[in-house]
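Below: one structure in structure tokens.
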Amino acid sequence: MCGTLRASDAGKKAVLMGWVNRRRDLGNLIFIDLRDRTGVTQVVLNREVDAAAHDKADLLRNEYVVAVIGTVKRRDADTVNKNIPTGEVELVASEIRILNESKLPPFLPSDTALTNEETRLKYRYIDLRREVMQFNIETRHKVAKAIRDYLSVQGFFEIETPFMTRSTPEGARDYLVPSRVQPGTFYALPQSPQLFKQILMISGFDKYFQIVRCFRDEDLRADRQPEFTQIDLEMSYPQPERVWEVVEGFLTAAFQAAGSAIKTPFPRMDYDEAIRSYGIDKPDLRLPAFTEVRECFTAENLQELAINANLPVIAIRTPKVGELSRKERDDIKPMFHAKGGAKIFEDFKRIGNKFPEAAAAIAKKTGMEEGDLIVLVAGSAQAGPQTAMPTHRKVTPAELAIYASAGLLRLALAQKHAERHGIFKKSGDAAKDFRFLWVTNFPMFEWDEGEKQWMAAHHPFTSPHEEDMGLLEAGVESVNDPQSPLSAVRALAYDVVLNGTELGSGSIRIHRQDIQRKIFRALGMTEEEARSRFGFFLEALEYGTPPHGGIALGLDRIVMILAGAESLREVIPFPKTARAVDLMCDAPTPVNERQLRELGIVVKK
RNA sequence: GGGGACGUAGUUCAGUUGGUUAGAACGCUGCCCUGUCACGGCAGAGGCCGCGGGUUCGAGUCCCGUCGUCCCCGCCA
């Protein structure tokens, strides 16, 4: 292969096949850099040594596919190229065969400047020839293989579940597949194999996993594609800790395969604490946590600043951004998306001028250092509770609005000034570069302001906390009451988070039919509705279901972080654009009348 | 559904206050070159300034619309 020859191979005959990466034509001497996925080797053609081969090399152009037969020669000391692993040798060609010519590509894999993504995606096969993309796809393979191997050794079976399945209209939108045999009916592509893997537990396959494609018809983001790959697993009889142990095990193996030694066990944090300290349920631990600074102000201070004294006052510290220009300070405000009456104080100097004592206390409490940026977020006096309100929840909705607004701002500020603080740069120390975290004890239910009712925060098959069964019992009839005890029911659910990205989400499931029925009731679903949607599953639950639980992790996201990529598109060979289009094969497209007729489908204009 | 950024040669970009024939680098074509490795030198080709409309004596530049790509909010049980 083109990346494997070394000085010890000198004198051997070799045949290399690959693409012409670059040609350096010095007249009677031509150098060809020959490339395949393993690397690049220099081929040399000397007119005096072999005129026929030299003439052939004259015809070569970028991205031609050629076979070169020749002898490996150790290079003279002064012509060694230290920048490439094969730099100590070159192949002296005796014969060149052009296996295929190439049109001039819109961009070259050897280009140093990165072409715009639209062109890259249209000519993805050229783009994938680039060294970075080859590395990313190789990393993806290694990670998937390490996980398969690890789980197999642990006694898990990889079992396939259907792609053409039943639509369960809840949660994300389904991609639908019309049935020709039964016109007017549709399969759905799975958002996850959730019910199938639970049924596999009922079926006695007590350790299941699958590296499986999932589909969600929702709007895209840099870290969200409509089809994505999950490492899905489920086991019978586990405590949450057992699931975490398995995940930590296969992630260690996966990161090892990609060259990073991570530390386990991962730290754990309650959902409530994550919200209070980071304003988000997937904290990026590489950045400083919030500091609660309400106590740094006097009651009069708060009044003068029109801050609601019953809500948190949060200081966000962004390290080492240095002195901000007037414009940079003005740019902070538009980055702030206020929820529920949250307001921002982006000019900490002004706070310092007006309330020097409070500012000093804040600087001390946040551990502010020279060059650190401090921004405050608080509740506006006009909005939110005017008195401290009793609640079942540790974090009230009004507080959550403040925390969440501050949480988004914390990330936006860190992103904006990434160049300056350098926290996101890889240091080579896996313990610093990869900050894993388990977030646990999620709320079971979330209030849906639009529907005016409580909804499942994770999914309706998640088991409530044993200790909170009483609250569930008490709240089961008050699904439309925002103050319902349901708000305080915790779920046996957990997320694994890496550097602020949610890698995966799992839970201990409900294995008892009576509790499952209660949850559906708490979600405002009648017996009939539950039956019509999940009847097959509810029935299965009645035939000796073992306690079980599991998790699913996004393979794409793991590889993205390992590859240091900014977007999933860099680690998925054929990804889709923000409008869910495949630019290479131009999907989706309309289909012809005959196809539609066969399916009994009429498209409305 | 909403907000923002961008769109100029094959590619990456520049293009001043609206003013002559829209530039550079890389790539491409041809010629020269025996130690290059992002080779070098000389010459050359290459433009619907995304598209449509408007303002203006005059538009790559200003305005409106539209299409496309990217980022974010909503959404993602």
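Bear in mind that the values here come from a model prediction, so they are computed numbers and not experimental data. Below, chains carry the letters A, B, ... as their sequence lines are ordered, and counting in each starts from 1.
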Just by distance, with hydrogens left out, do A/T161 and A/Q210 show a side-chain donor and acceptor under 3.5 Å apart?
yes
Scan A/K339 against the nucleic acid and name what it touches under 4.0 Å (heavy atoms): base, sugar-phosphate only, or nothing.
sugar-phosphate
OP1 or OP2 of B/U34 sitting under 4.0 Å from any side-chain N/O of A/N28?
yes
Base, sugar-phosphate or nothing for A/I30? Non-hydrogen atoms, less than 4.0 Å.
nothing
Find out whether A/E234 and A/L200 are in side-chain contact, i.e. whether some heavy atom of one side chain is under 4.5 Å from a heavy atom of the other.
no
Counterpart base for B/A59, defined by Watson-Crick or G-U wobble contacts under 3.5 Å
none
Just to be sure I understand the rule, does A/R120 reach a base, reach only the sugar-phosphate, or reach nothing, if contact means heavy atoms closer than 4.0 Å?
nothing
Give the rounded distance in Å between these two atoms: CZ of A/F107 and C1' of B/C13.
17 Å
Please give, in whole Å, the distance from B/U11 P to A/E63 CD?
16 Å
Interatomic distance, A/E117 CD vs B/U11 C1' [rounded to whole Å]:
16 Å
Mind checking if A/T112 touches a base, just sugar-phosphate, or nothing, with heavy atoms under 4.0 Å?
base
Taking atom types as they are modelled, would you say the side chain of A/R75 forms a donor-acceptor pair with the base of B/C37 within the 3.5 Å cutoff?
yes
Quick one: which of B/C33, B/C72, B/C70 gets closest to the side chain of A/D25?
B/C33
B/A5 - base-pair partner by Watson-Crick or wobble geometry, distances under 3.5 Å:
B/U69
Does B/A24 have a Watson-Crick or wobble mate here (both distances under 3.5 Å), and if so which one?
B/U12
For atom CD of A/E88 and atom C1' of B/G35, their distance in whole Å
17 Å
When only distance counts, do a donor and an acceptor, one from the side chain of A/R216 and one from the base of B/C76, lie under 3.5 Å apart?
no
Measure CD/A/E227 against P/B/C76 and give the value in whole Å, please.
20 Å
Check the distance between B/G68's P and A/D582's CG and give it to me in whole angstrom.
15 Å
Any donor-acceptor N or O pair under 3.5 Å, side chains A/R130, A/Q134
no
Side-chain donor-acceptor contact under 3.5 Å, A/T501 with A/N499:
no
When you compare the ring of A/F31 with the six-membered ring of B/U36's base, are the centres less than 5.5 Å apart and the planes under 30° from each other?
yes
Just to confirm, is there a sub-4.0 Å distance from OP1 or OP2 of B/C76 to any side-chain nitrogen or oxygen of A/R221?
no
In whole angstroms, the gap separating C1' of B/C73 from CD of A/E218 amounts to 14 Å
Take atom C1' in B/A14 and the same atom in B/U8, then report the distance between them in whole Å.
10 Å
Would you say the base of B/G35 and the side-chain of A/E90 have a donor-acceptor pair closer than 3.5 Å?
yes
Report yes or no: do A/D174 and A/Q191 form a side-chain donor-acceptor pair below 3.5 Å?
yes
Gap between atoms CG and P, on A/D223 and B/C75 respectively (whole Å):
16 Å
Mark up nucleotides 23-29 of chain B, 5' to 3', with B wherever a protein heavy atom is under 4.0 angstrom from a base atom, S wherever such an atom reaches only the sugar-phosphate, and - elsewhere.
----SSS
Please determine, for B/G47, whether a Watson-Crick or G-U wobble partner exists with both distances under 3.5 Å, and give it or none.
none
Show your reasoning for whether ring-ring contact (aromatic ring centres under 6.0 Å, His included) applies to A/Y278 and A/Y403.
CA-CA 7 Å; A/Y278 301 93; A/Y403 288 130; over 10 Å; no
Base B/G74 to side chain A/D219, donor-acceptor N/O within 3.5 Å cut-off:
yes
Would you mind classifying the nucleic acid contact of A/Q42 as base, sugar-phosphate or nothing, using non-hydrogen atoms under 4.0 angstrom?
base
So, OP1 or OP2 of B/U36: does either fall under 4.0 Å of a side-chain N or O from A/R24?
no
Of B/G1, B/U34, B/U12, the nucleotide closest to the side chain of A/A113 is B/U12
NA contact type, A/A457, heavy-atom cut-off 4.0 Å: base, sugar-phosphate, or nothing?
sugar-phosphate
Does the side chain of A/D232 come within less than 4.5 Å of A/F196's, by heavy atoms?
no
Regarding A/Q42 and A/R24, is there a side-chain donor-to-acceptor distance under 3.5 Å anywhere?
yes
Re B/A38: Watson-Crick or G-U wobble partner, both distances kept under 3.5 Å, found to be none
Any base atoms under 4.0 Å from A/T577, or only sugar-phosphate, or nothing? Heavy atoms, all strands.
sugar-phosphate
